[in-house]
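Take a look at the structure below.
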Amino acid sequence: MQQPQSPTLLYASRAGIVFGLYFAIKYLALMYMIPHPGLSLAFLLGTLFVPFLAYRLTKSYREIIAPVGDFSFRDGWVFGVLIYLFASIVVLIPHYIFYTRLLPEQFPILAEKLSEIYAQLPEIYQQHQLLLGGEPLEIMTEQMQQLPVGRMLVADVLNNVFLGSLLSLINAALLRRKA
């Protein structure tokens with residue numbers, strides 16, 4: 001006998017996939033920001049739009065699940081957390097590609113740009129040297145070769161869900177409704 005599926009989980013998974021595709025497109029700007037610095041503006045604007053998109057998705061859910069009547073704070077918050085969770089799962093693929101392929105390829109470009117900054121601003125070089133306890137570019141290169149991809153991916157998911165849970169508090173407060 002099949003158990004009835006929760007409408008919250010069903011709608012959150014669908015909305016989370018859409019949200020995750022948006023995250024993936026936004027993440028493309030981050031992935032190619034090192035060789036193309038102009039994409040940093042696209043990434044920033046895309047990031048600023050995330051709470052508004054989450055609000056629209058939660059409001060759409062409210063209109064489907066409770067067109068009239070009560071829509072509790074808890075309903076809005078749980079839905080918000082779930083869409084961030086599902087979006088984080090979707091965006092794991094671009095994150096993995098970035099950590100395993102693109103970042104190692106782009107690191108020489110980053111190192112070159114850092115060298116230029118160090119030449120122009122020696123005090124930053126000195127601060128990085130003190131902070132890292134040695135030659136900054138050598139230490140970063142060594143750490144890059146030992147990048148724990150699995151831990152980075154888990155940290156990305158947890159970061160997205162944590163920040164999403166905080167942003168969902170605001171959406172839940174704005175969208176709650178008493179009959």
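Just so it is clear, the model here is predicted, and its values are computed rather than measured. In this chain, numbering begins with 1 at the start of the sequence shown.
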Fill in: Enclosure of Y32 OH (heavy-atom neighbours >12, cutoff 6.0 Å)
no
Item to complete: Ignoring hydrogens and angles, tell me if any N or O in the side chain of R176 forms a donor-acceptor pair with the backbone of G76 under 3.5 Å.
Response: no
Worksheet item: Any donor-acceptor pair under 3.5 Å linking the side chain of K113 with the backbone of I34?
Response: yes
Discussion item. Please check: side-chain N/O of Q106 versus main-chain N/O of M31, any donor-acceptor pairing under 3.5 Å?
Written reply: yes
Worksheet item: How far apart are the C-alpha atoms of Y96 and D156, what are their side-chain angles, what is the distance that settles it, and do they pass the side-chain hydrogen bond (donor to acceptor under 3.5 Å, both in side chains) test?
Response: CA-CA 10 Å; Y96 179 79; D156 287 342; over 6 Å; no
Worksheet item: Counting heavy atoms not belonging to I93, are there more than 12 under 6.0 Å from its CD1?
Response: no
Worksheet entry | Expected output: side-chain Y118 to main-chain P136 donor-acceptor under 3.5 Å | no
Practice prompt. Provide the closest heavy-atom pair for G46 versus Y22 in the form atom of the first, atom of the second, distance.
Written response: O-OH, 2.7 Å
Item to complete: Side-chain contact test, heavy atoms from C-beta onward, threshold under 4.5 Å: evaluate it for T47 versus K26 and give yes or no.
Response: yes
Worksheet item: Can Y61 and T8 be counted as having a side-chain donor-acceptor contact under 3.5 angstrom?
Response: yes
Practice prompt. Answer yes if L41 and L48 sit in the same cluster of Ile, Leu, Val, Met, Phe, Trp and Tyr residues linked by side chain heavy atoms under 4.5 Å apart, and no otherwise.
Written response: no
Worksheet item: In terms of side-chain heavy atoms, does N171 have a donor or acceptor partner in S168 at a distance below 3.5 Å?
Response: no
Worksheet, complete the sentence: Note: with side-chain heavy atoms under 4.5 Å as the link, the other cluster members for I17 come out as L21, V90
Discussion item. If we ignore hydrogens and angles and just use 3.5 Å, is the side chain of R62 paired with the main-chain N or O of P67 as donor and acceptor?
Written reply: no
Fill in: Partner residues of Y84 under the ring-ring contact (aromatic ring centres under 6.0 Å, His included) criterion, sequence neighbours left out
F19
Response to the item:
Across all chains, not counting sequence neighbours, the ring-ring contact (aromatic ring centres under 6.0 Å, His included) partners of F98 are Y27
